Amino acid sequence: MSAPLFKPFRALGYITEDVPFAVQRRGKETYVTVSVGRTWQIYNTAKLTLVMIGPQLPHTVNALACKGDLTFAATGAIIHEAKRSYMTGKYASHSGRILQLLVLADQLLSLGRNSKLLVWKIGDYQQPQTIIDFGPDFKPTCMIHPDTYINKVVVGGQDGSLQLWNFVTGQLVHTFKGW
């Protein structure tokens, strides 16, 4: 018989999908938000205890992001915003499926399969602040915000190239060649 010390309490891989999870630190606690079909679940990472379940959405969740009490979940081309478990608004200007969401201060960045990066002011559902069109030659796959780079995001392309963008001005700063 194995010692109870080495038995897992709960494993997230058994109850989540392949959508990347969102990690958030609040005070001394760390939480992880995971996709489960047409909703999301929030777990406290100390013992993987379930803290909250989000509302049912019209379609399967394909991207997640969090900030404070707000959870952003993309379903197709629409981003749903919820405060705790109550829907508060929708961001809808993408024409294709959303690949990734990223929250930076009071801005929400959404990377779409339609080769566009939209920058939203959180709480302003009418239209994005900035729209970056990568053009037909660049197919984005992911994005990340490099530490200490103010208003910059690095977008990775399908061909292995990287582009550094100023998402406030919408200007391309530098292109790193792929393989």
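It should be emphasised that the depicted structure is a prediction, and the values quoted were computed from it without experimental measurement.
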J.: Quick one: are D124 and Q129 in side-chain contact, heavy atoms under 4.5 Å?
T.: no
J.: Suppose the criterion is ring-ring contact (aromatic ring centres under 6.0 Å, His included): which pairs have a residue in residues 58-86, not counting sequence neighbours?
T.: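 Not a single pair qualifies under ring-ring contact (aromatic ring centres under 6.0 Å, His included).
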J.: Can you measure from NZ (K116) to OG (S93) and round to the nearest 0.5 angstrom?
T.: 9.5 Å
J.: How close do V155 and P140 get, heavy atom to heavy atom, and via which atoms?
T.: CG1-CB, 3.8 Å
J.: Distance check, rounded to the nearest 0.5 Å: L111 atom CG versus R97 atom CZ?
T.: 11.5 Å
J.: Can you name the side chain to side chain contact (heavy atoms under 4.5 Å, CB included) partners of M52, sequence neighbours left out?
T.: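 Only I42, R84, S85 meet the side chain to side chain contact (heavy atoms under 4.5 Å, CB included) criterion with M52.
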J.: Going by side chain to side chain contact (heavy atoms under 4.5 Å, CB included), name the residues that satisfy it together with K83, two or more places apart in sequence or in a different chain.
T.: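 Applying side chain to side chain contact (heavy atoms under 4.5 Å, CB included) to K83 gives D69, L70, T88.
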J.: Search all heavy atoms of I98 against all heavy atoms of I79 and return the closest pair with its distance.
T.: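 Shortest heavy-atom contact: CD1-CG1, 3.3 Å.
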J.: With the 4.5 Å side-chain cut-off for hydrophobic clustering, are V51 and L48 part of the same group?
T.: no
J.: How many angstroms lie between atom CD of E81 and atom CG of L108, to the nearest 0.5 angstrom?
T.: 8.0 Å
J.: With side chains defined as the heavy atoms from C-beta onward, is the minimum distance between T33 and Q24 less than 4.5 Å?
T.: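 Counting from C-beta outward, T33 and Q24 never come under 4.5 Å.
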J.: Is there any salt bridge (charged side-chain N to carboxylate O under 4.0 Å, His left out) pair reaching into residues 128-148, and which pairs are they, with sequence neighbours excluded?
T.: none
J.: I'd like to know if the side chain of E17 reaches the main chain of G37, judged simply by a donor and an acceptor atom lying under 3.5 Å from each other, with no hydrogens or angles considered.
T.: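 At least one qualifying donor-acceptor pair exists.
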J.: Check ring-ring contact (aromatic ring centres under 6.0 Å, His included) between Y91 and all other residues, then give those that pass, not counting sequence neighbours.
T.: W120, Y125
J.: Identify, with sequence neighbours excluded, every residue that meets ring-ring contact (aromatic ring centres under 6.0 Å, His included) alongside F176.
T.: H174
J.: Under the rule for side chain to side chain contact (heavy atoms under 4.5 Å, CB included), what residues qualify as partners of Q163, not counting sequence neighbours?
T.: F134, F138, W165, L172, T175
J.: Are V23 and L50 connected into the same hydrophobic cluster when the rule is that any two of I, L, V, M, F, W, Y join if their side-chain heavy atoms are below 4.5 Å apart?
T.: yes
J.: Can you tell me how far the NE2 atom of H94 sits from the CD1 atom of I131, to the nearest 0.5 Å?
T.: 9.0 Å
J.: May I have all residue pairs that pass salt bridge (charged side-chain N to carboxylate O under 4.0 Å, His left out) and include part of residues 161-179, sequence neighbours excluded?
T.: none
J.: Can you name the side chain to side chain donor-acceptor pair (under 3.5 Å) partners of N151, sequence neighbours left out?
T.: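 Not a single residue meets the side chain to side chain donor-acceptor pair (under 3.5 Å) criterion with N151.
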J.: Sequence neighbours left out, what passes side chain to side chain contact (heavy atoms under 4.5 Å, CB included) with A82? Give chain and number order.
T.: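 Counting only residues at least two positions away or on another chain, A82 forms a side chain to side chain contact (heavy atoms under 4.5 Å, CB included) with W40, M87.
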J.: Over all heavy atoms of both residues, which pair between P146 and K152 is shortest? Give the atoms and the distance, please.
T.: CD-O, 3.8 Å
J.: Could you pull out the closest heavy-atom pair between A92 and I78, with the gap in Å?
T.: CB-CG1, 4.1 Å
J.: Taking atom CD as the centre, does Q126 end up with more than 12 heavy-atom neighbours from other residues, nucleotides or ligands that are less than 6.0 angstrom away?
T.: no
J.: Sequence neighbours excluded and cut-off under 3.5 Å, please list the side-chain donor-acceptor pairs for residues 99-106, or say none.
T.:
unit_1 : atom_1 : unit_2 : atom_2 : d
Q100   : OE1    : M143   : N      : 2.8
Q100   : NE2    : M143   : O      : 2.9
D106   : OD2    : K121   : NZ     : 3.1

J.: Tell me, yes or no, whether the heavy-atom count around E29 atom CD, taken from other residues, nucleotides or ligands under 6.0 Å, exceeds 12.
T.: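 Result for CD/E29: enclosed.
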J.: So which atom in A22 and which in C66 form the shortest heavy-atom distance, rounded to 0.1 Å?
T.: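 Shortest heavy-atom separation between A22 and C66 comes out as CB-SG, 3.9 Å.
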J.: Give the C-alpha distance, both sets of side-chain angles, the deciding distance and a yes or no for side chain to side chain contact (heavy atoms under 4.5 Å, CB included) between T75 and R38.
T.: CA-CA 8 Å; T75 61; R38 297 181 347 189; over 6 Å; no
J.: State whether the side chain of T130 and the backbone N or O of G170 hold a donor-acceptor pair below 3.5 Å, judged by distance alone.
T.: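 Not a single qualifying donor-acceptor pair exists.
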J.: Write out all pairs satisfying ring-ring contact (aromatic ring centres under 6.0 Å, His included) with one or both partners inside residues 18-39, taking only residues at least two apart or from two chains.
T.: none
J.: Are I53 and L57 co-members of a hydrophobic cluster defined by side-chain heavy atoms under 4.5 Å apart?
T.: no
J.: Indicate if Y149 and V154 have the same hydrophobic cluster label, given that clusters are the connected sets of ILVMFWY residues with side-chain heavy-atom separations under 4.5 angstrom.
T.: yes
J.: Compare every heavy atom of T39 with every heavy atom of G54, then report the nearest pair and how far apart it is.
T.: O-OG1, 2.7 Å
J.: Please determine whether residues V153 and V168 belong to a single hydrophobic cluster, defined as Ile, Leu, Val, Met, Phe, Trp and Tyr linked transitively by side-chain heavy-atom distances below 4.5 Å.
T.: yes
